[in-house]
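We count ligands from 1, going down the list as the structure has it; atoms in each ligand are counted the same way. All heavy atoms count here, side chains included; hydrogens, waters and symmetry mates do not.
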Amino acid sequence: MKELWFDPSNCLIGGEWTPAAAGTLPLYDPSTGEEIGAIARGGASEVDAAVDAARRAFEGGWNRTPAAERGRILMRLGKLVEEAVDSLAMIEARDVGKPLKQARADAVALARYLEFYGGAADKLLGETIPYLDGYTVYTLREPHGVTGHIVPWNYPMQIIGRSVGAALAAGNACVLKPAEDACLTALAFADLAKAAGLPDGVLNVVPGLGAEAGAALSAHPGVNHLSFTGSVATGVAVQIAAAANVVPVTLELGGKSPQLVFGDADLETALPFLVNAGIQNAGQTCSASSRILVQASRYDEVLERMAERYAALRVGPAVRDLDVGPVISAKQQGLVNGWLERGADLEVAAQARLGDLPEGGYYVAPTLFSGAGGDHILAQSEIFGPVQVVIPFEDEEEAVALANGTDYGLVASVWSREGARQMRLARSLRAGQVFLNNYGAGGGVELPFGGIGKSGHGREKGFEALYGFTALKTVAAYHG
Ligand code: NAD
C-alpha cells in the first residue's frame with residue numbers, strides 16, 4: 001500500500017521493528033476483498049518480549065519522567081498525528097473499509113485525545129485528607145506499571161487514543177494488541193510516537209490473532225492492568241484470564257443503545273441523528289443506536305421520514321467516500337446477513353439499494369425494520385451492522401421499560417422538549433451516557449464513557465480514564 005511509510009509485517013518491541021516467529025497473516029481491503037499486504041502474526045513469545053521491554057522501559061526511567069515531560073511528548077505526538085491525518089485516513093479507509101470522511105474524523109479524534117491527555121498529564125492530583133490530630137494524610141495517583149490494550153477493528157485510532165493515550169499520560173508503559181483485521185494505523189501511531197520522542201519500550205505493538213497474541217497478553221503475569229474493547233464473549237475470556245493474576249480489567253463491550261422519541265420532539269433536529277447513529281461506520285460502532293423507540297402519536301411519521309433517508313443512502317468503496325462502506329470482513333458480512341434473515345418475520349420499512357459494487361467487497365444493505373416487539377431477537381442482540389429497528393411506545397413508563405429491557409447499558413438518548421421529562425429520564429435510563437436532544441455529542445474526548453450490565457465496566461475518556469490507569473496510594477504521616 002503506497003501510503004505506508006513503514007513495513008507493516010513486523011511487531012514493534014523495545015523500539016525495534018521485529019518479525020514474528022510464526023510469520024505473517026494476510027491483509028484484505030474490505031472494499032474489494034483483495035489481499036493488500038501482510039501483518040505480523042505475533043504470539044506468546046512476542047508478547048513476552050513486549051511485556052519485558054515495557055517493564056524495562058517503565059522501571060528504567062519512564063516511571064521517573066516528570067508528568068509535564070510525558071505530557072509534552074504526547075502533545076508532540078498529537079501534532080505529528082495531525083500532520084499525518086490525510087495519510088492515516090487513507091490507510092484506515094483501505095484497511096477497515098471506512099468512508100474517507102469517517103476515517104479522517106477518527107484521525108482528528110486521535111490527535112485530540114493526545115492533546116487532551118498530554119495537557120492532563122500534570123494535572124492528575126491527589127488529595128489531602130483531614131484525619132486524627134498529629135497526622136497528615138494524602139493520596140498519590142501512581143501508574144499501574146505495564147498496561148495491556150486489546151483493541152478491536154471498528155475504531156482503531158479512537159480507541160488507541162482514549163486507551164493508550166490516557167495510560168501513557170498517567171505514566172504507564174504499554175503493550176498494544178490491535179485487531180488482526182485492522183492494525184495498520186496502530187503501527188503508524190507507534191512509528192509516529194518514536195518520532196515524537198517516546199522512549200523505546202514505552203509503547204510496544206504486537207499484531208496477531210486474538211486466540212494467540214490477545215490470549216497471551218490477557219493471561220500474562222507481567223501485565224498490571226488490561227483494557228479491552230470488543231465482544232462480550234471475548235471480554236469475559238479476557239477477564240477470566242486476568243483474574244488468575246488478579247489484574248484489573250476495563251471492559252467496553254458494546255450495546256443495544258436506544259433513542260427515545262417523544263411526541264413533542266423536534267423531529268427536524270432529531271432525524272439525522274436517528275439514522276446516522278445507526279449507519280455510521282456501517283453500524284459497527286459500540287455506541288451505535290440500533291433501537292429507535294417512538295411515541296405512538298409520531299410513529300408513522302418517524303418511520304416514513306427515516307425510510308426516506310435510508311432510501312437515499314449511498315453504499316460503496318471507502319475511497320469513494322459515500323455514506324456507508326463495506327463491513328470489516330467476509331465473516332462480519334455473513335454475521336450481519338444472518339441477522340437480516342432472523343428478521344424475516346418483521347417488516348422491512350426501508351432498505352438502501354446496493355448498486356454497482358466491487359464484486360469481492362463485504363457489503364451489506366442498510367436495513368430499517370418495523371413491527372418488532374421489544375423482546376424480538378433483533379431488538380435484543382448487538383448486530384454490528386447497519387440495521388435498526390423502530391418500536392412504538394404509548395407513554396414514558398413503557399418507553400423506559402423498553403429502553404432498559406436489554407442486557408446492555410452503554411448509551412441512550414431522549415428527544416423531547418419537556419425539561420422535567422428530560423431530567424426524570426436522565427436518571428431512570430440504564431446507560432453509561434445519556435444524551436438529551438442529541439446523540440453522541442460529537443464523540444467528546446472529555447466525556448467519561450463506558451457501560452453497565454453487559455456493556456462492560458470501567459470508564460474511558462475524560463479524566464475518569466486517567467484515574468482508571470492509576471492505583472491510588474494513601475500516605476499517612478504521624479508527626480505529633
Ligand atoms: P472480538 O471481541 O473477538 O475482538 C476484539 C479484540 O479482541 C481483537 O483485537 C481480537 O484479536 C481480540 N481477541 C479475540 N479473541 C481473544 C482472546 N481469546 N483473548 C484476548 N483477545 C482476543 O470481536 P470480533 O470477533 O472481531 O467481532 C465479533 C463481534 O464482536 C462483532 O460482531 C461485534 O458484535 C462485537 N464487537 C464489538 C466491538 C465494540 O466496540 N464493542 C468491537 C468489535 C467487535
Side-chain angles (χ1 to χ4, degrees), residues 25 30 39-44 47 95-98 106 148-160 162-164 175-186 205-220 223 226-244 247 249-257 280-288 290 327-339 362 364 378 380-387 406-411 432 449-451 453-458 460-461:
L25 294 164
I39 57 154
R41 181 174 182 168
V47 166
D95 197 14
V96 179
K98 226 175 251 249
D106 286 1
H149 304 260
I150 302 176
V151 168
W153 39 260
N154 53 345
Y155 287 86
M157 286 192 275
Q158 294 216 35
I159 295 171
I160 288 169
R162 75 190 193 202
S163 155
V164 173
V175 178
L176 165 61
K177 208 303 274 173
E180 50 272 44
D181 289 317
C183 61
L184 296 184
T185 49
V205 186
V206 183
L209 297 172
E212 297 175 0
L217 186 59
S218 358
H220 203 290
V223 170
L226 276 160
S227 155
F228 171 84
T229 305
S231 64
V232 176
T234 305
V236 170
V238 168
Q239 182 156 327
I240 288 173
V247 166
V249 182
T250 299
L251 295 180
E252 203 274 88
L253 307 178
K256 194 71 193 169
S257 299
Q280 182 180 317
N281 199 30
Q284 304 164 114
T285 304
C286 43
S287 55
S290 46
V327 294
I328 185 74
S329 60
K331 176 183 148 204
Q332 191 67 15
Q333 183 187 32
L335 285 173
V336 177
N337 283 332
W339 286 113
Y362 314 133
V364 295
L378 291 198
Q380 288 286 323
S381 314
E382 184 175 52
I383 293 173
F384 238 59
V387 180
T406 73
D407 290 340
Y408 294 101
L410 192 58
V411 171
F449 174 72
K454 289 207 174 143
S455 289
H457 51 71
E460 298 188 303
K461 303 190 179 185

Determine whether a donor-acceptor pair (N or O, by modelled atom type, separation under 3.5 Å) exists between the side chain of [X] and the backbone of [Y].
X: Thr250; Y: Ser227; result: no
X: Lys177; Y: Ala213; result: no
X: Gln284; Y: Ile328; result: yes
X: Ser455; Y: Gly254; result: yes
X: Lys454; Y: Gly409; result: no
X: Ser381; Y: Ile383; result: no

Considering the heavy atoms of [X], write down every atom of ligand 1 situated less than 4.0 Å from one of them.
X: Glu180; value: 10 (C), 11 (O)
X: Gly230; value: 2 (O), 36 (N), 37 (C), 38 (C), 39 (C), 41 (N), 42 (C)
X: Lys177; value: 9 (O), 10 (C), 11 (O)
X: Val151; value: 6 (C), 8 (C), 9 (O)
X: Gln332; value: 31 (C), 32 (O)
X: Cys286; value: 39 (C), 40 (O), 41 (N)
X: Val238; value: 20 (C)

What's the shortest distance from [atom] to any protein heavy atom, and which residue and atom give it?
atom: atom 21 (N) of ligand 1; value: Gly214 CA, 3.5 Å
atom: atom 44 (C) of ligand 1; value: Phe384 CE2, 3.7 Å
atom: atom 26 (O) of ligand 1; value: Trp153 NE1, 2.6 Å
atom: atom 14 (C) of ligand 1; value: Gly210 CA, 3.4 Å
atom: atom 35 (C) of ligand 1; value: Ser231 CB, 3.7 Å
atom: atom 34 (O) of ligand 1; value: Glu382 OE1, 3.4 Å
atom: atom 40 (O) of ligand 1; value: Asn154 ND2, 3.1 Å

**Report entry** Ion pair Lys256/Glu382, N-O distance below 4.0 Å
**Finding:** no
Drop me the distance from [X]'s [atom1] to [Y]'s [atom2], to the nearest 0.5 angstrom.
X: Phe384; Y: Cys286; atom1: CZ; atom2: SG; answer: 6.0 Å
X: His457; Y: Leu251; atom1: NE2; atom2: CG; answer: 4.0 Å
X: Leu176; Y: Leu217; atom1: CG; atom2: CG; answer: 9.0 Å
X: Ile159; Y: Asn154; atom1: CD1; atom2: CG; answer: 5.0 Å

Query - Non-hydrogen atom of Phe228 closer than 4.0 Å to ligand 1 - result: yes
Query raised in the report: For ligand 1, is there an atom lying under 4.0 Å from some heavy atom of Lys331?
Result: yes
Report summary line: Within the 4.0 Å heavy-atom cut-off, what Gln284 brings close to ligand 1 is neither
Report task. Classify the contact between Ser218 and ligand 1 as side chain, backbone, both or neither, using a heavy-atom distance cut-off of under 4.0 Å. Result -> side chain
Query raised in the report: Heavy atoms, side chains only, cut-off 4.5 Å: are Ile160 and His149 in contact?
Result: no
Query raised in the report: Can you find an N/O atom of Gly208 closer than 3.5 Å to an N/O atom of ligand 1?
Result: no
Query raised in the report: Can you check whether Pro152 has an N/O within less than 3.5 Å of an N/O in ligand 1?
Result: no
Looking at non-hydrogen atoms alone, which of [options] comes nearest to [atom]?
atom: atom 1 (P) of ligand 1; options: Leu253, Leu217, Thr234; result: Thr234
atom: atom 5 (C) of ligand 1; options: Val232, Ile150, Thr229; result: Thr229
atom: atom 41 (N) of ligand 1; options: Pro156, Ala186, Gly254, Gly255; result: Gly254

Query raised in the report: Between Thr285 and Tyr155, does any side-chain donor sit less than 3.5 Å from a side-chain acceptor?
Result: yes
Requested in this report: Tell me, with the steps shown, if Trp153 and Gln332 meet side chain to side chain contact (heavy atoms under 4.5 Å, CB included).
Outcome: CA-CA 11 Å; Trp153 39 260; Gln332 191 67 15; 3.9 Å; yes
